[in-house]
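Here is the structure we will look at, set down as structure tokens.
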There are 2 protein chains.
Amino acid sequence: MRQTLMAVRIGKQATGTMDEKSITPNHPSKSQERPTLKTIAFMTGLGITTVSRALKDAPDIGADTKERVRLVARQLGYQPNRAGVRLRTGKTNVIALVLSIEEELMGFTSQMVFGISEVLAGTQYHLVLTPHSHQRDPMMPVRYILDTGSADGIIISRVAPEDQRVALLTERGFPFATHGRTDMGIMHAFHDFDNESYVYQAVRKLIARGRTRIALLPPPSNLSYYHHSRIGFERALAETGASEVPVGRVTSESSLGMIKEFAENLMRNHAPPDGIVSISGSATVALIAGTEAAGKVLGKEFDLVSKQSADFLNWIRPEILTVNEDVRHAGRELAKAIIARIDGVAPDLLQSISHPTWASAAPV
Amino acid sequence: MRQTLMAVRIGKQATGTMDEKSITPNHPSKSQERPTLKTIAFMTGLGITTVSRALKDAPDIGADTKERVRLVARQLGYQPNRAGVRLRTGKTNVIALVLSIEEELMGFTSQMVFGISEVLAGTQYHLVLTPHSHQRDPMMPVRYILDTGSADGIIISRVAPEDQRVALLTERGFPFATHGRTDMGIMHAFHDFDNESYVYQAVRKLIARGRTRIALLPPPSNLSYYHHSRIGFERALAETGASEVPVGRVTSESSLGMIKEFAENLMRNHAPPDGIVSISGSATVALIAGTEAAGKVLGKEFDLVSKQSADFLNWIRPEILTVNEDVRHAGRELAKAIIARIDGVAPDLLQSISHPTWASAAPV
DNA sequence: CAAATTAACTGTAACGTTTCAGATTGTTTT
DNA sequence: AAAACAATCTGAAACGTTACAGTTAATTTG
């Protein structure tokens, strides 16, 4: 029974002869319904099961049968029905990106999304966005996805050192990857930017320029990278003997108006900083406005180092020392990690960190 | 048979007694599977069909039965299984946002996404992102969605006056809404920013400041809003007798380096413009860099008007006259429109336009 | 009071897929 | 030649939902 099958048994009365959907009158003949396994089964004269198994290259299907099935499938442009697969297997082929609307404005989110999409484009996965107000209930989207099984994996950002979402997802054994690290003794997939190193190097650069009184505009203190940036900051200060000018409760996510006002007051102090490190590009814009409103000249009376996720600060003030956080790359890494995680790869193999690279002094 | 039903007929041997899923050993008892119609049917003693119909408030179900079903459903936290619904009805409860990775960087995409999500959050719809390189094959994502039926509606942006995607979607009768208008005699849902009016007003403002030689940095000429901005521009010039300083082939989406270089050359001409209108915030950043590299002072030798989708230009140069395009609002409008479209509302009732509002001179 | 009508409920089938437990060959072993 | 095996193929059932065509019992009609 090697190659005898060639369409000998046509029709297959049992399952019904390919039910000849009534051709709609407007589209003469092109209105062919979407092909299913049944279509291929009919065309090849095989059973639906055989076709299904052939397409997943199961070992109990003959080599030439597989070939034949694949050929017809390709010819028809067959694509498995997602709802069918999902209903039967529970596999959604969906990655959920949970993001907070407080996310940084300057292109952060879009770059992340594009990075993820880049990787997902080559797979069966779709990307579903689940924005929410982080303030209100950060657990809500995660719980929803968990309860409804509406994704195979989750990417979360803005993680805290002790992150409830990470705890919950881990407890449930649900695949996830985070943008940012945690500090709760839980092993999980992540990608992070090395903010400690960034701030450390930033301070060293300021000191190399002779600055000694440094201020750090950090992220909100509940987020993990607040601590990383503090550690880098303190390490650099300790090594060099430079001193810190404290910033009070202002953070990179305070309103731009508040940041400006703060910066202006700060620079009007009797002992203002001569170097500022900023963790966020948009905050830096307000920072400049404030410092200049106080009459200070960037590059002269003080220097400024900033991280940014889109390359725009140096167009505004070439004097700013900038580091680009490649968020798109982060997106790519996270997408690869979550897919691997879904495929069962151990989380400790899915951790990566980007290191700061300093932009050349001025753009073209 | 009014209120006699109260759990009299329990069990229902026919369909099987709620098959008591083997409780997993790790989770003592809380590991209740996700409730389905069957669960509710069992608990109420009703048939699955009855429960289904009761939940959709069908007219042939008794009022008290409905109440009872709703109560139990709420109690269990019942959520219809999306795969089941989708398989049976073809309804995906998904809105696809097709966006091009060439989309403006400065927060445009994220604001759009957040706006859409805001509206979708109150509905059963999920938001699926389908980014793609617009250059390569703009039709691909649309065709994919059409072929696989993977969404109930599509939102597209960056439309052209004669847009193939609009033509295809209309031909297939598929619900969609566009960010931007077309000009091909097809009635469809859209939201647009009134770029004609923006540019017109921009020019008038420049002229009010005594400027007479105006340059327009327009979007790429294949996009609809290129034409709108040109119309507004030319109308203002015609009315006032001001003259245009042409910009050649530079557009708001040329690289920042190119824009800067162009601006610098332009301002070094023997007859440079004294007013510039920019359609994009990020381009404006480069524009400033170029004009200042040529030694010109903003607000003195020339004035600059720019549109932006995030409020940042005035932090950089308070002198710039800015208009904020509220992309988040656009997202909200588009989401509402696409849902209405799916519900069968006529497209001509789903068209809206945002008008420019001028930011107050300087921010806080 | 039989027949028709109405109100309330229900089982079956189907959407497209995969898993399971066979079935049908031909071939090898004993 | 009977029995066992291997290689291929297969139908039935199930996932959760809804449309359809009933069924049942009570009520109205003639």
Side-chain angles (χ1 to χ4, degrees), chain A residues 1-5 8-9 12-16 19 21 33-42 44-66 68-69 73 78-93 124 148-150, chain B residues 1-5 8-9 12-16 19 21 33-42 44-69 73 78-93 124 148-149:
Chain A
M1 199 176 186
R2 272 274 100 90
Q3 59 234 66
T4 45
L5 298 174
V8 178
R9 41 228 206 54
K12 181 158 311 169
Q13 254 57 359
T15 6
D19 14 19
K21 327 254 170 162
E33 297 293 318
R34 199 177 152 202
T36 68
L37 290 179
K38 196 165 159 187
T39 318
I40 303 177
F42 176 72
T44 54
L46 295 164
I48 293 178
T49 303
T50 311
V51 174
S52 172
R53 311 222 67 221
L55 286 174
K56 20 183 64 62
D57 203 19
D60 65 345
I61 304 294
D64 42 358
T65 301
K66 283 180 189 169
R68 218 150 53 85
V69 168
Y78 169 74
Q79 302 244 182
N81 180 304
R82 306 191 121 231
V85 174
R86 181 163 169 177
L87 183 56
R88 178 63 233 247
T89 65
K91 171 118 193 178
T92 63
N93 284 303
Q124 276 301 310
T148 60
S150 55
Chain B
M1 198 174 187
R2 273 271 99 92
Q3 58 234 64
T4 45
L5 298 173
V8 178
R9 42 226 206 55
K12 180 157 311 167
Q13 255 54 2
T15 5
D19 14 23
K21 325 251 168 164
E33 298 290 319
R34 202 180 151 201
T36 67
L37 290 180
K38 195 166 159 187
T39 319
I40 302 177
F42 176 71
T44 54
L46 295 165
I48 294 177
T49 303
T50 311
V51 174
S52 171
R53 310 223 69 221
L55 287 174
K56 17 184 67 60
D57 202 20
D60 63 347
I61 305 294
D64 42 357
T65 300
K66 282 181 189 169
E67 207 38 68
R68 217 150 54 84
V69 168
Y78 168 74
Q79 303 243 183
N81 180 304
R82 307 192 122 232
V85 174
R86 179 163 170 177
L87 183 56
R88 178 64 236 243
T89 66
K91 171 117 193 177
T92 62
N93 285 303
Q124 277 303 309
T148 61

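The analysis underlying the following values was restricted to heavy atoms, covering all of them including side chains, and did not include hydrogens, waters or symmetry mates.
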- Message: For the CG atom of L46(A) and the CZ atom of R53(A), what is their distance to the nearest 0.5 Å?
- Response: 13.5 Å
- Message: So, taking the atom named NZ in K38(A) and the one named CD in E33(A), what distance separates them when rounded to the nearest 0.5 Å?
- Response: 11.5 Å
- Task: Sort out for me which residue in T36(A), T39(A), T65(A), I40(A) forms a side chain to side chain contact (heavy atoms under 4.5 Å, CB included) with V51(A).
- Result: I40(A)
Please give, in whole Å, the distance from [N] [atom2] to [X] [atom1]?
| X | N | atom1 | atom2 | answer |
| --- | --- | --- | --- | --- |
| N81(B) | dT17(C) | CG | P | 16 Å |
| D64(A) | dC9(D) | CG | P | 7 Å |
| L37(B) | dA13(C) | CG | C1' | 16 Å |
| Q79(B) | dT17(D) | CD | P | 11 Å |
| I61(A) | dT18(C) | CD1 | C1' | 13 Å |
| R82(B) | dT18(D) | CZ | P | 13 Å |
| R86(A) | dG16(C) | CZ | C1' | 15 Å |
| Q124(A) | dT17(C) | CD | C1' | 14 Å |

Can you check whether [X] has a side-chain N or O nearer than 4.0 Å to OP1 or OP2 of [N]?
| X | N | result |
| --- | --- | --- |
| T65(B) | dC9(C) | yes |
| K38(B) | dG16(D) | no |
| Y78(B) | dG16(D) | no |
| T89(B) | dA19(D) | no |
| S52(B) | dT18(D) | yes |

- Message: Test of understanding: with side-chain hydrogen bond (donor to acceptor under 3.5 Å, both in side chains), list the residues that count as partners of S150(A), not counting sequence neighbours.
- Response: T148(A)
- Considering the terminal five base pairs at each end of the helix from dC1(C)-dG30(D) to dT30(C)-dA1(D), what angle separates the two local helix axes, rounded to 10°? 60°
- Query: Short question: side chain of R86(B), backbone of L87(A) - any donor-acceptor pair under 3.5 Å?
  - Reply: no
- Go through dG16(D), dC9(C), dT18(C) for me and flag the one nearest to the L46(B) side chain. dC9(C)
- Message: So if I take every side-chain heavy atom of K56(B) and compare against dT17(D), dG11(C), dT18(D), which nucleotide ends up nearest?
- Response: dT18(D)
- First of V85(A) and D60(B) reached from the 5' end of DNA chain C, by closest nucleotide: D60(B)
- T50(B) vs L87(A), nearer the 5' end of DNA chain C by closest nucleotide: T50(B)
- Just jot down the salt bridge (Lys or Arg N to Asp or Glu O under 4.0 Å) partners of R82(B), sequence neighbours excluded, or say none. none
- Yes or no on side-chain contact (heavy atoms from CB on, under 4.5 Å) for L37(B) and L55(B), after CA distance, side-chain angles and deciding distance? CA-CA 10 Å; L37(B) 290 180; L55(B) 287 174; 3.9 Å; yes
